[in-house]
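Scroll down for the structure; my scribbles are underneath it.
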Amino acid sequence: MKLYNTLTRRKEEFKPIEQGKVKMYSCGPTVYNYFHIGNARPFIMFDVLRRYFEYRGFEVSFVQNFTDIDDKVIKKANEEGTTYDVIADRYIKEYFTDAQGLGIKKATVHPKATDNIEEILDIVKTLVDKGHAYDVNGDVYFRVHSFKDYGKLSHQPLEDLEAGARIAVGEQKEDPVDFALWKAAKPGEPSWTSPWGEGRPGWHIECSAMARKYLGETIDIHSGGVDLCFPHHENEIAQSEACNGKPFANYWLHNAFLNIDNQKMSKSLGNFFTVRDAAAVYGYDAIRFFMLSAHYRSPLNYSQESLEQAKAALERLNTAFKNLRFLVKNGAEGDMTAAEAETVAKFEAHREKFCTAMDDDMNTADAVAAIFEAVREINSAAAGAGVTKTYAQKALEFMTELCSVLGIGETEEQGGDDAEIEKLIEARQAARKAKDFKEADRIRDELKAQGIILEDTPQGVRWHRA
Ligand code: AMP
Ligand code: ZN
């Protein structure tokens, strides 16, 4: 598999540190609100990367953190007259609700910054001991000039960074490019005890600490949105490599931004959407499908039109799933027909196309196209009378295999609510058999109210969403 590495600015063949294993770290959300539709992009895309590695037989250790202490979390707590941990715990819960809706698998570990203060202090102490950091009145700063590779990720010479840097009011740095590892406590703020007095960690250090704790000193892949490349990831590299004396991450992956109606999303422009709000309009599954419609390194435009297109395409996919499920139960017994066998024989070529797309720096747009090509053939062989159960079962398994890698479509994993619908349909059939037509009609109306339309066919009852 080839991945575009921001560090080398090239697509490179992925070579794991340890055969058959992948160690991935992805920067997670700052938990002071519901996450927004832009945040959903890295969460979904790197979930797909993790799923693809697993599909290819790798054992994946995936860490995604929660930034549960920072200015925004503290501000929100003050506004509500509560403590930072109440805010963080609330939005961590809400993260999992939305993430589950979006089909994002739980990471192997979801560590919180404040659960790792000891590990953070350990790195800061080492950096001070090695001369890479210094303390001033309870603050500790990283001495950027002491790390000769600074700028290697964002490809910026230190002189350029120097020219643009300023020392903010209240900061006492040796050099404007230096950044905070530890911040002295301000009155009323939560704090932890350190060798430099009460304080709290700077933002960048938590990822260096949690990556090392859960994955080791050198990891395979580090990922996040392109806005994190500088300064966040540049600073993570400086901290980790200066501390451990080893490369931090071998591959750095960055997703491009999601824009809203071709504009940057911002609260001031009034085009800021949480996933919760967007899901209420389009559904979580359409949002995920929409994200996969573009390569993760291309800018992506969120608009009503693009979401409706995604919803319609997903509906086509789901109709194919429903049709096959129906035929698995109600299709003809016996061997596949020659035409069916021919369609099944082509699955391997579709699988190859799908993998070629994914192997090319995770080109999900082409991978989705490969699935739809297969679906068109599957559908045409599954139309008309005499379709066999055997064929339907094979086609269903094949579609499930590919769709599960992307986490789209009504696979068993996703189609939880279908079981309820099937149950009601069976109850209606039983009522009809017992000639209780009033009850049968009541069930039909109940389903109709949920947007489920029934169709009585010679092979049994089919259903679709209105
Ligand atoms: P934050 O909670 O702001 O630290 O962001 C969590 C993740 O979302 C990071 O990987 C960011 O780079 C990413 N992110 C934030 N805004 C956008 C956006 N508009 N498009 C894509 N990714 C974004
Ligand atoms: Zn990070």
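As the structure lists them, so they are numbered: ligands from 1, and atoms in each ligand from 1.
For His36 and Phe273, the ring centers are positioned 6.0 Å apart or more. Ring-centre distance between Phe290 and Tyr282: not below the 6.0 Å cut-off. Between Phe96 and Phe66, a ring centre-to-centre spacing shorter than 6.0 Å is recorded.
Looking only at atom types and distance, the side chain of Arg51 has no donor-acceptor partner in the side chain of Tyr55 under 3.5 Å away. Neither side chain, Asp70 nor Tyr32, offers a donor N or O lying under 3.5 Å from an acceptor on the other. Side-chain contact of Asp178 with Tyr134: a donor-acceptor pair under 3.5 Å is present, judged by distance alone. Counting only N and O atoms by type, the side chains of Lys213 and Asn116 include a donor and acceptor under 3.5 Å apart.
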Inventory of protein N or O atoms under 3.5 Å from ligand 1 N or O:
| unit_1 | atom_1 | unit_2 | atom_2 | d |
| --- | --- | --- | --- | --- |
| ligand 1 | 2 (O) | Thr30 | N | 3.1 |
| ligand 1 | 5 (O) | Asn39 | ND2 | 3.2 |
| ligand 1 | 8 (O) | Asn39 | ND2 | 3.0 |
| ligand 1 | 10 (O) | Gly225 | N | 2.9 |
| ligand 1 | 12 (O) | Gly225 | N | 3.1 |
| ligand 1 | 12 (O) | Asp227 | OD1 | 2.3 |
| ligand 1 | 12 (O) | Asp227 | OD2 | 3.4 |
| ligand 1 | 19 (N) | Leu258 | O | 3.3 |
| ligand 1 | 20 (N) | Leu258 | N | 2.8 |
| ligand 1 | 22 (N) | Gly38 | O | 3.1 |
| ligand 1 | 22 (N) | Asn255 | ND2 | 3.4 |

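For Arg90 and Glu94, the salt-bridge test fails: no basic side-chain N is under 4.0 Å from an acidic carboxylate O.
Distances from the Zn ion (ligand 2) under 2.8 Å pick out these protein N/O/S atoms: Cys27 SG, Cys207 SG, His232 NE2, Glu236 OE2.
Tyr4 carries Arg297 over the face of its six-membered ring, with the cationic atom under 6.0 Å from the centre and within 45° of the normal.
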